[in-house]
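Here the structure comes first, spelled out in structure tokens, and everything after it is commentary.
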Amino acid sequence: MRKVYLDNAATTRLHDEVFAEMLPYLKDIYGNPSSIHSFGREARKAVEEAREKTAAALGAEPREIIFTSGATEANNIAIRGVARALLQKGRHIITTAVEHHAVLDACKALEEEGYRVTVLPVDAYGMVSPQDVADAIADDTILVSVMLANNEVGTVMPVAEIGKICRERGVIFHTDAVQAVGALPVNVDDLQVDLLSLSAHKFHGPKGVGALYVRKGTKLKVFSFGGAQERKMRPGTENVAGIVGLGKAIELATTGMEAKVSRIKAMRDKLIAGLLAIPDTRLNGHPEKRLPGNVNISVKYVEGESMILSLDLKGIAVSSGSACTSGSLDPSHVLMAMGLDHQTAHGSLRLTLSANNTEEEIDYVLSVMPDIVARLRAMSPVYPGKE
Amino acid sequence: MYTEKVMDHFMNPRNVGEIENADGIGEVGNMKCGDIMRIYLKVNDQEVIEDIKFRTFGCGAAIATSSAITEMVKGKTLAEAWEISNKQVAEELGGLPEAKMHCSNLAADALKRAIEDYRSRKAQQEA
């Protein structure tokens with residue numbers, strides 16, 4: 001059966017060149033980067049080259065890059081690290097209602113430890129207002145964390161504006177840039193961020209490796225112990241092959257990005273237009289300030305998982321914010337924060353593209369979707385029938 | 001995650017639709033949790049389910065359990081149908097993922113509501 005992968009916000013296919021670059025480090029170059037002999041030195045060299053590439057892609061210094069096991073760990077090191085380091089200064093943290101759970105739950109854990117957390121609302125497009133951030137900053141605010149682009153609805157946040165506000169007010173600013181690398185320009189100075197998290201597998205790198213950018217002078221308290229690796233921020237023997245993969249992947253993702261992005265955008269817009277041609281559908285997220293590869297629609301009278309299953313039977317891989325797919329009884333916290341009613345949230349469908357997709361695949365999706373929706377609507381007790 | 005039987009009922013649901021002038025209609029679920037099941041019954045004088053149809057808004061499990069129960073009780077008496085539990089419906093399908101056992105496995109409840117509806121209508125007619 002034909003296979004079409006449209007779940008690139010979940011993870012992406014490893015790039016062939018990344019795979020080739022990683023291979024030697026999975027087998028022949030097995031030294032521990034901390035060893036001083038030739039085996040270790042060879043591995044160390046590879047790790048440091050990857051660090052340079054990662055730093056270059058972000059407009060950062062190599063020493064400002066800490067490799068982690070992924071963005072979840074990077075977010076935890078950033079948020080918990082700042083909270084602990086600035087305990088004497090204050091206990092107030094600001095974030096938004098649509099962050100990834102790696103950020104929201106890390107903040108929630110701090111709340112239980114006595115910190116005060118302000119979770120800012122978003123508008124109907126999933127956008128946070130910089131003014132709300134400015135208004136929320138108090139004397140005891142130590143950290144603001146706002147994602148660069150939302151993983152579910154693709155809304156691109158006004159991070160540079162928020163960065164400016166935070167800098168003026170002397171508050172540390174962290175951004176979860178997981179969805180943005182390779183999709184938007186990500187420069188730590190332009191964005192005025194102090195901390196930035198990323199994950200390799202979101203841009204055709206391997207799983208299990210990510211990075212945290214830590215601006216020089218930003219104090220983080222360590223809470224994991226056992227070695228001097230990654231400036232003690234992330235102790236433990238480095239995932240050398242993974243780090244090499246990250247370095248290559250971020251280099252590829254950020255080189256010639258504009259051409260790749262405009263091609264993906266064209267496919268995205270075709271997909272959106274085609275899906276919205278089905279009656280009683282709507283686009284979730286911002287019409288323009290949106291990730292180039294993100295499509296999120298709600299199909300009225302139909303539940304999301306049933307659409308996923310139907311598409312899966314046609315070889316098409318997508319996701320949904322419906323409760324049935326979230327592992328809880330509630331639909332996506334992002335869609336609910338945007339003010340969607342339950343039916344609209346349960347009927348959401350996310351299709352996320354990468355450079356590997358083709359226009360022909362989009363045509364295929366658009367050719368099968370109307371029948372899938374019609375079949376499920378015919379079963380639905382809430383469908384009033386065709387006008 | 002789903003058994004072949006679940007996928008078969010999801011793709012080829014039995015007895016989808018409505019019964020005009022149904023003798024009993026039962027609905028469970030709500031939009032908040034994302035599952036709504038409605039069952040329609042046609043019952044003869046011997047209280048045998050002559051026809052049964054369903055409409056369901058929900059996930060694969062919700063649709064499959066609705067479809068499965070219609071097959072399980074068609075031709076059965078109301079007394080027999082009343083005895084069927086949500087658990088039995090899940091077993092009939094070769095099991096459901098743990099997360100689905102409580103939220104989307106409500107077909108037996110919908111059927112019970114339809115039987116109750118039938119009985120209360122009948123009681124009203126006889127009164």
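Below, read A as the first sequence line, B as the second, and so on, with proteins coming before strands; counting in each chain starts at 1.
- With a 4.5 Å cut-off on side-chain heavy atoms, A/Leu340 and A/Leu335 count as touching.
- For B/Ile36, the parts sitting under 4.5 Å from any heavy atom of chain A are the backbone and the side chain alike.
- To the nearest 0.5 Å, the span separating CD1 on A/Ile79 from OG on A/Ser197 amounts to 7.0 Å.
- Residue contact with chain A, scored on non-hydrogen atoms closer than 4.5 Å, involves the backbone and the side chain of B/Met11 alike.
- Among A/Glu305, A/His346, A/Glu303, the one residue that satisfies the side chain to side chain donor-acceptor pair (under 3.5 Å) test with A/Ser322 is A/Glu303.
- Contact of the A/Leu349 side chain with the A/Met369 side chain is registered, since non-hydrogen atoms from C-beta on lie closer than 4.5 Å.
- For A/Val382, the part lying near chain B is the side chain, with the backbone staying farther off; criterion is any non-hydrogen pair under 4.5 Å.
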